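Computed from a prediction, not measured in an experiment: that's the story for all the values here.
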Amino acid sequence: MMAFRSLKTIRALFRATQIQEPAYLLGSWRSYATGISNVAELNNRNVYSSLFHGALPWTSRNAMTLRSSMEVELPMLLNEKRLLSTQVKAPAQARKMGGLTVSMTSPGFIYEPYAPREKVPFFRRWFTRSGWRKTKEEIILELKSAYAIHKLRKSGYSKNLFYKEAVTVYKEINNLLATGDKNTLRKTVTEKMYSELKNEIKQRESIWSKVYWEMVEPIVKIRTLRARVIGVDPKDLEKVFIQITLEFLSKQKFEAYDSKGSVISGDKSKEVLVRDIWVFEKSLFHPKSFWRLCGRITL
């Protein structure tokens with residue numbers, strides 16, 4: 001009887017903390033781009049993959065993007081808060097130097113990059129040791145997201161306002177990539193992300209003279225996939241960065257031109273459904289900090 005009650009309790013907790021996976025029916029944007037005509041030098045599949053997934057056809061697609069409506073005091077569930085966050089050692093230039101303290105502006109990595117959850121049959125999940133182990137791991141992952149949102153809410157976080165800001169940043173970064181404005185781009189992304197995007201712009205400009213990009217509003221869908229806390233001071237649990245992984249589903253238009261202004265790829269009269277997964281990062285201990293892109297994930 002006790003085992004049965006424990007099973008029901010864990011199952012209820014798992015459902016309460018569950019963050020649903022993306023709809024598999026959507027798949028990749030490529031399945032929606034079949035109506036775009038091919039171009040001799042670069043086909044549209046590569047074109048849309050390059051701009052909308054943040055990696056050009058000729059570059060490696062290292063990519064790294066929150067959802068949790070659960071409000072719970074996690075110390076009641078776990079004895080140690082540190083289990084729900086990771087500690088990162090600040091680089092030498094960001095540690096104390098005599099009487100001077102230099103702030104760390106970004107951890108420089110994506111903590112536990114999002115990946116779709118493995119589907120486990122009901123019987124295997126609840127009646128085998130491997131299934132229980134998998135369930136425990138997934139519950140811990142969701143508690144980490146809940147803990148991150150809990151930290152954000154203490155600082156005045158609003159999901160609706162954050163989503164509006166995220167969509168604005170999403171549009172701005174894509175427009176800056178299209179126009180090649182590296183100076184403005186630097187302010188909207190982390191240092192590591194800026195280095196990657198700068199190289200992508202340089203390589204793109206060697207092939208295309210000009211790029212047109214537009215997102216058709218309103219955005220089709222935006223949702224949170226994961227949230228994480230990264231601590232920088234083991235003695236101070238308030239000195240943390242928050243990373244939130246977002247999924248964007250939007251209709252976009254794209255066209256590329258050569259030096260003579262001739263269209264060499266894409267078609268701005270046609271809309272393509274695009275799915276992007278971006279990771280946003282914010283410091284909770286820097287005054288007037290704001291959300292910046294720190295990575296993109298390609299599944």
Visitor: For the residue pair H150 and Y147, categorise the inter-ring angle as parallel (less than 30°), tilted (30 to 60°) or perpendicular (more than 60°).
Guide: parallel
Visitor: Going by the rule side-chain hydrogen bond (donor to acceptor under 3.5 Å, both in side chains), which residues pair with K171 if we only count those two or more places apart in sequence or in a different chain?
Guide: E217
Visitor: Is there a donor-acceptor pair closer than 3.5 Å between any side-chain N or O of T179 and the backbone N or O of N175?
Guide: yes
Visitor: Given side chain to side chain contact (heavy atoms under 4.5 Å, CB included), test L284 with E238 step by step and report yes or no.
Guide: CA-CA 7 Å; L284 293 190; E238 299 306 313; over 6 Å; no
Visitor: Is the shortest side-chain heavy-atom distance between M215 and F248 below 4.5 Å?
Guide: no
Visitor: Show your reasoning for whether side chain to side chain contact (heavy atoms under 4.5 Å, CB included) applies to I201 and E205.
Guide: CA-CA 6 Å; I201 290 174; E205 289 176 341; 3.5 Å; yes
Visitor: Under 4.5 Å between side-chain heavy atoms, counting indirect links through other Ile/Leu/Val/Met/Phe/Trp/Tyr residues: same cluster for V279 and L299 or not?
Guide: yes
Visitor: Between K253 and E271, is a side chain to side chain contact (heavy atoms under 4.5 Å, CB included) present by the stated rule, with each step listed?
Guide: CA-CA 5 Å; K253 298 179 181 180; E271 299 176 357; 3.8 Å; yes
Visitor: Which heavy atom in A227 sits nearest to a heavy atom in I149, and how many Å separate them?
Guide: CB-CD1, 4.0 Å
Visitor: Answer with yes or no whether the side chains of T190 and E281 bring together a donor and an acceptor at under 3.5 Å.
Guide: no
Visitor: Give the minimum heavy-atom separation between S155 and L152, together with the two atoms involved.
Guide: OG-O, 2.6 Å
Visitor: Considering residues at least two apart in sequence or located in another chain, which fulfil the side chain to side chain contact (heavy atoms under 4.5 Å, CB included) criterion with S209?
Guide: S259
Visitor: Measuring from atom OG of S195 to atom CD of E200, what distance do you get when rounded to the nearest 0.5 angstrom?
Guide: 10.0 Å
Visitor: Is it true that a side-chain atom of W126 and a backbone atom of W132 form a donor plus acceptor pair closer than 3.5 Å?
Guide: no
Visitor: Kindly work out whether a path of hydrophobic side-chain contacts (I/L/V/M/F/W/Y, heavy atoms less than 4.5 Å apart) joins I219 to L293.
Guide: yes
Visitor: Linking I/L/V/M/F/W/Y whenever their side-chain heavy atoms sit closer than 4.5 Å, directly or via other members, would I222 and V169 fall into one cluster?
Guide: yes
Visitor: Answer whether the closest heavy-atom distance between the side chains of V189 and R292 falls below 4.5 Å.
Guide: no
Visitor: Is the closest basic N to carboxylate O distance between E142 and R117 below 4.0 Å?
Guide: yes
Visitor: Measure the CG-CG distance between L197 and L177 for me, rounded to the nearest 0.5 Å.
Guide: 5.5 Å
Visitor: Consider only side-chain heavy atoms of I, L, V, M, F, W and Y, link residues closer than 4.5 Å, and tell whether I297 and L141 are in one cluster.
Guide: no
Visitor: Nearest heavy-atom pair of V211 and F254: which atoms, and what distance?
Guide: CG1-CE1, 3.4 Å
Visitor: Mind checking whether F241 and H286 have parallel, tilted or perpendicular rings, split at 30° and 60°?
Guide: tilted
Visitor: If we ignore hydrogens and angles and just use 3.5 Å, is the side chain of S289 paired with the main-chain N or O of S283 as donor and acceptor?
Guide: yes
Visitor: Quick one: do S145 and R226 satisfy side chain to side chain contact (heavy atoms under 4.5 Å, CB included)? Show the steps, please.
Guide: CA-CA 6 Å; S145 286; R226 176 164 291 181; 4.0 Å; yes
Visitor: Can you tell me if K134 has over 12 outside heavy atoms packed within less than 6.0 Å of its NZ?
Guide: yes
Visitor: Which distance, rounded to the nearest 0.5 Å, do you find between the CD1 of I207 and the CG of D258?
Guide: 12.5 Å
Visitor: Quiz question: by atom type and distance under 3.5 Å, do the side chains of E172 and T188 form a donor-acceptor pair?
Guide: no
Visitor: Taking all atoms of both residues into account, what is the closest heavy-atom pair of V229 and K151, and its distance?
Guide: CG2-CG, 4.3 Å
Visitor: So does K192 pair up with E196, basic N to acidic O under 4.0 Å?
Guide: yes
Visitor: Just verifying a value: how many Å separate R129 CZ and K136 NZ, rounded to the nearest 0.5 Å?
Guide: 13.0 Å
Visitor: Enter the distance from N174:CG to S250:OG here, rounded to the nearest 0.5 Å.
Guide: 8.0 Å
Visitor: Hey, mind stepping through E138 and R125 against salt bridge (Lys or Arg N to Asp or Glu O under 4.0 Å) and telling me if it holds?
Guide: CA-CA 11 Å; E138 291 176 350; R125 178 180 291 279; 2.8 Å; yes
Visitor: I'd like to know if E255 and K210 make a salt bridge, using a cut-off of under 4.0 Å between side-chain N and carboxylate O.
Guide: no
Visitor: Is the shortest side-chain heavy-atom distance between R275 and L249 below 4.5 Å?
Guide: yes
Visitor: Please work out which of the three classes, parallel, tilted or perpendicular, describes the rings of Y157 and F162, given edges at 30° and 60°.
Guide: tilted
Visitor: Give me the one residue out of Y114, F280, Y170 that meets side-chain contact (heavy atoms from CB on, under 4.5 Å) with L246.
Guide: F280
Visitor: Rounded to the nearest 0.5 Å, what's the gap from CH2 on W213 to CG on L176? Could you check?
Guide: 10.0 Å
Visitor: Indicate if W291 and Y163 have the same hydrophobic cluster label, given that clusters are the connected sets of ILVMFWY residues with side-chain heavy-atom separations under 4.5 angstrom.
Guide: yes
